[in-house]
Amino acid sequence: MNPDTLLEARRLARQTRTAAAKLKLSEVVICPPFPFLMVASGRQSGPNFAFGAQSVSIAEGGAHTGEVSAAMLRSLGASFVIVGHSEERARGITDETVSQAALRASAAGLTAVVCVGEKTRTESGEHFAFLKNQIEHSLAGLDAGALKHIILAYEPIWAIGAKEAMAPEAVGETALFIKKVLADHFGPLESAKVKILYGGSVNFRNAADIMRLGRVDGLLVGRESVNWPGFSALLKAVDEVVIA
């Protein structure tokens with residue numbers, strides 16, 4: 001539910017679009033709250049810049065008061081939607097609901113940013129079994145062809161809002177594990193096309209190391225995304241890693 005006002009949302013969208021146009025190889029996607037989606041649409045589009053929503057209904061349409069459908073998002077020009085964010089999961093949505101939302105988004109031509117992540121990390125590695133199960137169930141029903149509309153965002157819940165992000169080397173280890181899970185489930189050729197993001201206490205100071213040492217394709221940015229000086233510096237840091 002950030003930012004608080006339409007004026008602030010408009011300013012952030014404008015600044016982000018301008019900064020994105022200067023990037024060489026990176027793409028920036030902003031996902032504002034539903035009331036501010038129009039701020040990001042239409043004239044706000046530009047080079048290396050796209051927008052999406054923070055969630056989507058599993059219903060196609062009809063009597064579902066308070067819900068927003070994939071078709072509605074597409075009609076605004078949205079290209080992406082976050083599915084199964086940790087905060088939504090904390091409110092009770094299940095892997096089955098995440099899977100249904102991803103299917104609905106994919107069918108509408110939206111790219112679903114499917115979020116997964118463990119609550120705790122154990123030395124014995126039990127969290128890997130949890131993560132494997134969550135990924136498989138959250139993508140249940142999707143075939144290999146639908147993977148072109150899927151991005152997987154790894155956000156370890158224990159690292160969200162923490163003082164420090166997950167160690168870049170540990171991010172890299174988990175990213176490799178996620179790729180193996182996808183390859184085993186969908187086959188190596190199609191799964192290789194799925195981009196992996198990391199989210200959890202990302203800021204302009206650690207972004208480059210997470211990208212470089214964590215071997216991820218991008219970042220799911222929370223608090224830093226509404227802190228313009230920090231977010232601007234983060235975009236530059238990430239783009240330099242991509243160029244290198």
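In the hydrophobic cluster analysis, where Ile, Leu, Val, Met, Phe, Trp and Tyr join through side-chain heavy atoms closer than 4.5 angstrom, L147 is grouped together with I178. Hydrophobic clustering places L76 together with L110 (ILVMFWY residues linked when any side-chain heavy atoms are closer than 4.5 Å, directly or through intermediates). Neither L23 nor L197 shares a network with the other; the hydrophobic side chains, linked directly or stepwise wherever heavy atoms of I, L, V, M, F, W or Y lie under 4.5 Å apart, form separate groups for each. Residue L182 is not grouped with residue F130 when hydrophobic side chains (ILVMFWY) are merged at heavy-atom distances under 4.5 angstrom, including chains of intermediate members. Hydrophobic clustering places F49 together with L219 (ILVMFWY residues linked when any side-chain heavy atoms are closer than 4.5 Å, directly or through intermediates).
A distance of 11.0 Å separates OG1 in T94 from CD in Q134, rounded to the nearest 0.5 Å. With rounding to the nearest 0.5 Å, the separation of CD in E169 from CD1 in I210 is 10.5 Å. For the atom pair OG (S191) and CG (D184), the distance works out to 8.5 Å, reported to the nearest 0.5 Å. Annotation: the span from M211 atom CE to D217 atom CG amounts to 7.0 Å, rounded to 0.5 Å.
Here the side chains of F51 and V29 are not in contact, with every heavy-atom distance at 4.5 Å or above. No side-chain heavy atom of P47 sits under 4.5 Å from any side-chain heavy atom of K22. Considering only heavy atoms from C-beta on, E224 stays 4.5 Å or farther from V202 through its side chain. Side-chain contact check for I30 versus F80: every heavy-atom pair is 4.5 Å or farther apart. Counting heavy atoms from C-beta on, the side chains of C115 and L220 come closer than 4.5 Å. Between P156 and Y198, some side-chain heavy-atom pair lies under the 4.5 Å cut-off.
At distances below 3.5 Å, not a single donor-acceptor pair connects side-chain atoms of S232 with backbone N or O atoms of W228. At distances below 3.5 Å, not a single donor-acceptor pair connects side-chain atoms of S106 with backbone N or O atoms of A102. Proximity of a side-chain donor or acceptor of D239 to a complementary backbone N or O of L25 within less than 3.5 Å is detected. The backbone N or O of V39 sits nowhere less than 3.5 Å from a side-chain atom of R10 that would complete a donor-acceptor pair. Side-chain N or O atoms of E155 include one that pairs as donor or acceptor with a backbone N or O of S86 at under 3.5 Å. Under the 3.5 Å distance criterion, the side-chain polar atoms of N48 are matched with a main-chain donor or acceptor of A20. Under the 3.5 Å distance criterion, the side-chain polar atoms of N203 are matched with a main-chain donor or acceptor of N206. Between the side chain of S75 and the backbone N or O of M72 there is at least one donor-acceptor pair closer than 3.5 Å. Between the T16 side chain and the L12 main chain, a donor and an acceptor come within less than 3.5 Å of each other.
Closest non-hydrogen pair, A105 versus A70, comes out as CA-CB, 4.2 Å. Contact detail for I93 and G84: the closest heavy-atom pair is CD1-CA, 3.8 Å. Taking each heavy atom of G230 and F204 in turn, the nearest pair found is O-CB, 3.3 Å. Residues S138 and V116 come closest through the heavy atom pair OG-CG1, 4.5 Å. Taking each heavy atom of L234 and A207 in turn, the nearest pair found is CG-CB, 3.8 Å. Taking every heavy atom of both residues into account, A78 and G52 meet most closely at CB-CA, 4.2 Å.
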| Full working for side chain to side chain contact (heavy atoms under 4.5 Å, CB included) between T120 and H127 | CA-CA 7 Å; T120 58; H127 57 281; over 6 Å; no
| request: Apply side chain to side chain contact (heavy atoms under 4.5 Å, CB included) to the pair I196 and K179, showing each step before the final yes or no. | output: CA-CA 8 Å; I196 309 295; K179 290 176 182 178; 4.1 Å; yes
| request: Any chance you could lay out the side chain to side chain contact (heavy atoms under 4.5 Å, CB included) test for T111 and I150, step after step, and finish with the verdict? | output: CA-CA 6 Å; T111 295; I150 298 295; over 6 Å; no
| task | Determine, stepwise, if the pair E136 / K132 fulfils salt bridge (Lys or Arg N to Asp or Glu O under 4.0 Å). | result | CA-CA 6 Å; E136 291 177 345; K132 178 178 184 293; 2.8 Å; yes
| task | Please test V114 against I151 for side chain to side chain contact (heavy atoms under 4.5 Å, CB included), starting from the C-alpha separation and ending with a verdict. | result | CA-CA 6 Å; V114 180; I151 291 174; over 6 Å; no
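Salt bridge status for R91 with E87: absent, with no side-chain N to carboxylate O gap under 4.0 Å.
Remark: of the listed residues K180, R121, R215, R121 is the sole one forming a salt bridge (charged side-chain N to carboxylate O under 4.0 Å, His left out) with E173.
Using a 3.5 Å distance cut-off with no hydrogens or angles, the side chains of T97 and R89 do not pair a donor with an acceptor. Of the N and O atoms on the side chains of R11 and Q15, at least one donor lies less than 3.5 Å from an acceptor on the other residue.
For residues 131-190, the set of pairs meeting the ring pair (Phe, Tyr, Trp, His ring centres under 6.0 Å) definition, not counting sequence neighbours, comprises F128-F177.
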N/O donor-acceptor pairs under 3.5 Å from side chains in residues 53-63, not counting sequence neighbours:
from : atom 1 : to  : atom 2 : distance (Å)
Q54  : NE2    : C31 : O      : 3.0
S57  : OG     : A59 : N      : 2.9
S57  : OG     : E67 : OE1    : 3.0

